[in-house]
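Below, read A as the first sequence line, B as the second, and so on, with proteins coming before strands; counting in each chain starts at 1. This structure is a prediction, so every number in the text was calculated from the model and none was measured.
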2 protein chains.
Amino acid sequence: MSERRLQEALETLKESGVRITPQRHAVLEYLIKSMSHPTADEIYKALEGKFPNMSVATVYNNLRVFRDIGLVRELTYGDSSSRFDCNTEKHYHIICEKCGKIVDFHYPSLDEVESLAEQVTGFDVTHHRMEVYGICNDCKKKEQH
Amino acid sequence: MSERRLQEALETLKESGVRITPQRHAVLEYLIKSMSHPTADEIYKALEGKFPNMSVATVYNNLRVFRDIGLVRELTYGDSSSRFDCNTEKHYHIICEKCGKIVDFHYPSLDEVESLAEQVTGFDVTHHRMEVYGICNDCKKKEQH
DNA sequence: ATATAGATTATAAACATTATCAAATAATAA
DNA sequence: TTATTATTTGATAATGTTTATAATCTATAT
Ligand SMILES: [Mn+2]
Ligand SMILES: [Mn+2]
Ligand SMILES: [Zn+2]
Ligand SMILES: [Zn+2]
């Protein structure tokens, strides 16, 4: 399952003329297998066992490459550091305000908002972003003590 | 009009037990009169004529105070620095991807998304954020050269 | 196997924001 | 008013994330 996605991602790299280095392979593999929304530093720390000499700049560089060819999406929240999502299907996120957990959820695209915004403001709309915030189940349970 | 809003804001400060210093007054006045979404540094630069000795930390401190008592909203985008909005009415933003212009627009709250997300994920939803991105009229005209 | 464009590493730099703390100021009590 | 206390300011240092630089290394094509 995630093996298949990794193969597809490597194929996309080749098609884009991006070299497949061991570091790139590892970052990509981590992104796909972790199924989460890690920060650059989380990826860096997760891989320092396998790659003790890898530079943090390499992680940043490769994440930028992946983003630019559409393999990952960069998520920027209020907190300090970006998060990276290799789920390229259209989806939204709900974020726990206590523990920071990010969960995917699906909802039809908000086309109506886009077209109204276009009419009212005269912009040419390209896209939108939307997130829902709240308290996750785990954190609710912890509060009950 | 903005005079009235400034008076109300000062009233809110008093009620919250926050001292009204000349610097606070100036930051608040700038936020309300500018009718825009400035960064901390823009506010700092705009006021350095009147307050040549004001520290940039004072701007940050006061913006945090204002935010914590609900007088302004902090907007965090992918780019480096936060922007501050003293329009406390419910509204959304549309942002130009070329020049960074931020324009308010109104739309009914996306309650349906919130309740679906609640059902699907088990979160207790508190709020959501949504922005539309595109190219503004001015930038469209400039492109036609 | 060799050449070379591109990638990696270590390091420094950039940048926004926060922390620190002495000095200044404002609120409050006497 | 004056003394006391709490808050705020301003200068500066520190923090944390991300990017730039430059020397070295390597994946890939020929
Ligand atoms: Mn996701
Ligand atoms: Mn606004
Ligand atoms: Zn949680
Ligand atoms: Zn524009």
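- Straight-line distance from the CG atom of A/D68 to the P atom of C/dA7: 12 Å, rounded to whole Å.
- Residue B/R67 contributes atom CZ, which lies 11 Å from atom C1' of C/dT17 at whole-angstrom precision.
- Separation of atoms CG (B/D124) and NZ (A/K140) is listed at 3.5 Å; rounding is to 0.5 Å.
- With D/dT8, C/dT9, D/dT18 as the choices, the nucleotide that has an atom nearest any side-chain atom of A/Y60 turns out to be D/dT18.
- Computed from coordinates, the A/F51 CZ to C/dT8 P distance equals 10 Å when rounded to whole Å.
- Each of B/V18 and B/A57 was matched to the nucleotide of DNA chain D holding its nearest heavy atom; the match closer to the 5' end belongs to B/V18.
- Nearest nucleotide to the side chain of B/N53, out of C/dA16, D/dA20, D/dA11: D/dA11.
- When rounded to the nearest whole Å, the span between CZ of A/R83 and P of D/dT17 equals 11 Å.
- Checked against D/dA20, C/dT9, C/dA7, the side chain of A/R64 finds its nearest nucleotide in D/dA20.
- Using a 4.0 Å cut-off, some side-chain N or O of A/Q23 falls inside it from OP1 or OP2 of C/dT9.
- Salt bridge annotation for A/R5-A/E3: absent, with no cationic side-chain nitrogen under 4.0 angstrom from a carboxylate oxygen.
- Side-chain atoms of B/S55 lie closest to D/dA11 of the nucleotides D/dT18, D/dA11, C/dT9.
- Comparing atom distances between the B/N62 side chain and each of D/dT9, D/dA11, D/dT18 picks out D/dT9 as nearest.
- Checked for salt-bridge contact, B/R64 and B/D68 miss the test: no charged N lies under 4.0 Å from a carboxylate O.
- Each of A/M130 and B/Y77 belongs to its own hydrophobic cluster when Ile, Leu, Val, Met, Phe, Trp and Tyr are linked at side-chain heavy-atom distances under 4.5 angstrom.
- Looking at B/R83 and B/E74, no side-chain N of the basic residue comes within less than 4.0 Å of a carboxylate O on the acidic one, giving no salt bridge.
- Out of D/dA27, C/dA7, D/dT9, the shortest distance to the side chain of A/P22 is found at D/dA27.
- The side chain of A/S82 approaches D/dT18 more closely than any other nucleotide in the set D/dA11, D/dT18, C/dT8.
- D/dG16 atom P lies 15 Å from atom OH of A/Y44, rounded to whole Å.
- In this structure, A/L75 places its CG atom 17 Å from C1' of D/dT18, rounding to the nearest Å.
- The side chain of A/T58 places an N or O atom within less than 4.0 Å of a non-bridging phosphate oxygen (OP1 or OP2) of C/dT9.
- Distance, B/R24 CZ to C/dA26 C1': 11 Å, rounded to whole Å.
- For C/dA27, its base never sits under 3.5 Å from the side chain of B/R19 at any donor and acceptor pair.
- Contact check on B/D138 versus B/K98 returns no salt bridge, with no Lys/Arg side-chain nitrogen under 4.0 Å from an Asp/Glu carboxylate oxygen.
- Between A/T21 and C/dT8 there is a side-chain polar atom (N or O) within less than 4.0 angstrom of OP1 or OP2.
- Here the nucleotide nearest the side chain of B/S81, chosen from C/dT8, C/dA10, C/dA16, is C/dA16.
- The CG atom of B/N61 sits 17 Å away from the P atom of C/dA16 (whole-angstrom rounding).
- If B/T39 and A/G17 are placed on DNA chain C by their nearest nucleotide, the residue sitting closer to the 5' end is A/G17.
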